[in-house]
A.B. asks: 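First the structure, which I've put down as structure tokens, then a few questions once you've had a look.
Heavy-atom basis, side chains included; hydrogens, waters and symmetry copies ignored.
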Amino acid sequence: QFLLKRNQRDVAIEVINAAIAKLRTATKFSLGDVECLNALGDALQTKSELLNVTPGDRANQGRNVEALLLAAYQEGYNLALKTNASSLDAHIGVGEVHMALGALYASHDDGVRANEAFNSAWSAYRRALDVKPSKSDAPSACDERFEVVYNAACAASQAGAKEISRELLSQLILCGASTAEAISADADLAGIVL
């Protein structure tokens, strides 16, 4: 992401390719290591984001982005959840991947697959909200939890669960974690009336 911000897209892709290769190797030597699987999912998802902003053939690029997102789910987050069903990072990763897939399908006018992806994202975020924070979590975990709730509200909204989305957002406003103005500016939350 740093390299991309410095207009070094080619170097950024080289770096993320190297990271993906190392993480794939690490998962073979670290069987059952949820952190490693989540990191692989994150790296694959990051590469999809890099490709998504790279100029080029949009149709071919869309297929590559979709393949990377599906790999992030299958090779990373889903395997992490099979190892530890209460991995908050894996649930969040699944939610993020499906939100990105939903946006990709929507941009290609595939409403059926977009709706399926958004529903999968909302399901993942519901499970993430059910994961209880550990007693050893630092105070900064509160901010992370607020981010999960906000992303869950976005997923619920995109999945058509507008009332649940509104309830989640109202809780964030009550906690001071967001504002009505910020919420109204988010395209994922279009149609939510607070």
A.B. asks: Run the side-chain contact (heavy atoms from CB on, under 4.5 Å) check on Thr179 and Ile183 step by step: do they pass?
C.D. replies: CA-CA 6 Å; Thr179 64; Ile183 291 165; over 6 Å; no
A.B. asks: Which pair of heavy atoms, one from Ser170 and one from Leu194, lies closest together, and at what distance?
C.D. replies: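 Smallest interatomic distance, heavy atoms only, reads OG-CD2, 4.0 Å.
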A.B. asks: For residues 36-48, tabulate all N or O donor-acceptor pairs below 3.5 Å that involve a side-chain atom, not counting sequence neighbours.
C.D. replies:
from: Asn38; atom 1: ND2; to: Val34; atom 2: O; distance (Å): 3.4
from: Asn38; atom 1: ND2; to: Ser87; atom 2: OG; distance (Å): 3.3
from: Asp42; atom 1: OD1; to: Tyr77; atom 2: OH; distance (Å): 2.5
from: Gln45; atom 1: OE1; to: Tyr77; atom 2: OH; distance (Å): 3.0
from: Thr46; atom 1: OG1; to: Asp42; atom 2: O; distance (Å): 2.8
from: Lys47; atom 1: NZ; to: Asn17; atom 2: OD1; distance (Å): 2.6
from: Ser48; atom 1: OG; to: Gln45; atom 2: O; distance (Å): 2.6

A.B. asks: Kindly write out the residues that satisfy salt bridge (charged side-chain N to carboxylate O under 4.0 Å, His left out) with Arg113, not counting sequence neighbours, or none if the list is empty.
C.D. replies: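 Expected list: Glu66, Asp110.
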A.B. asks: Taking everything shown except Asp10 itself, do over 12 heavy atoms lie less than 6.0 Å from its CG?
C.D. replies: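 Open: at most 12 neighbouring heavy atoms sit under 6.0 Å from CG of Asp10.
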A.B. asks: May I ask you to check whether over 12 heavy atoms, not counting those of Glu147, lie within 6.0 Å of atom CD?
C.D. replies: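 Not more than 12 within 6.0 Å, no.
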A.B. asks: Taking all non-hydrogen atoms of both residues into account, name the closest pair between Val193 and Arg166 and its distance.
C.D. replies: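 Closest pair (atom of Val193, atom of Arg166, distance): O-CD, 2.9 Å.
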A.B. asks: Roughly how far apart are Tyr73 OH and Leu69 CG, rounded to 0.5 Å?
C.D. replies: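 Output value for this atom pair is 13.0 Å.
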A.B. asks: What's the shortest heavy-atom distance between Cys154 and Asp186, and which atoms?
C.D. replies: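 It is SG-OD2, 3.8 Å.
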A.B. asks: Measure the spacing between CG of Asn119 and NE2 of His98 and express it to the nearest 0.5 Å.
C.D. replies: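 The CG atom of Asn119 sits 10.5 Å away from the NE2 atom of His98.
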A.B. asks: Begin from the C-alpha positions of Val149 and Tyr125 and carry the test side-chain contact (heavy atoms from CB on, under 4.5 Å) through to its verdict.
C.D. replies: CA-CA 8 Å; Val149 172; Tyr125 277 113; over 6 Å; no
A.B. asks: For residues Val94 and Leu68: do they belong to one hydrophobic cluster (side chain heavy atoms under 4.5 Å, members Ile, Leu, Val, Met, Phe, Trp, Tyr)?
C.D. replies: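 Yes, because Val94 and Leu68 connect within a single hydrophobic cluster, where side-chain heavy atoms sit under 4.5 Å apart.
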A.B. asks: Show, in sequence, the C-alpha distance, side-chain angles and deciding distance for Leu101 and Val97, and conclude whether the side-chain contact (heavy atoms from CB on, under 4.5 Å) test is met.
C.D. replies: CA-CA 6 Å; Leu101 284 168; Val97 161; 3.9 Å; yes
A.B. asks: Can you list the residues that meet the side chain to side chain donor-acceptor pair (under 3.5 Å) rule with Ser123, with sequence neighbours excluded?
C.D. replies: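 Expected list: Arg126.
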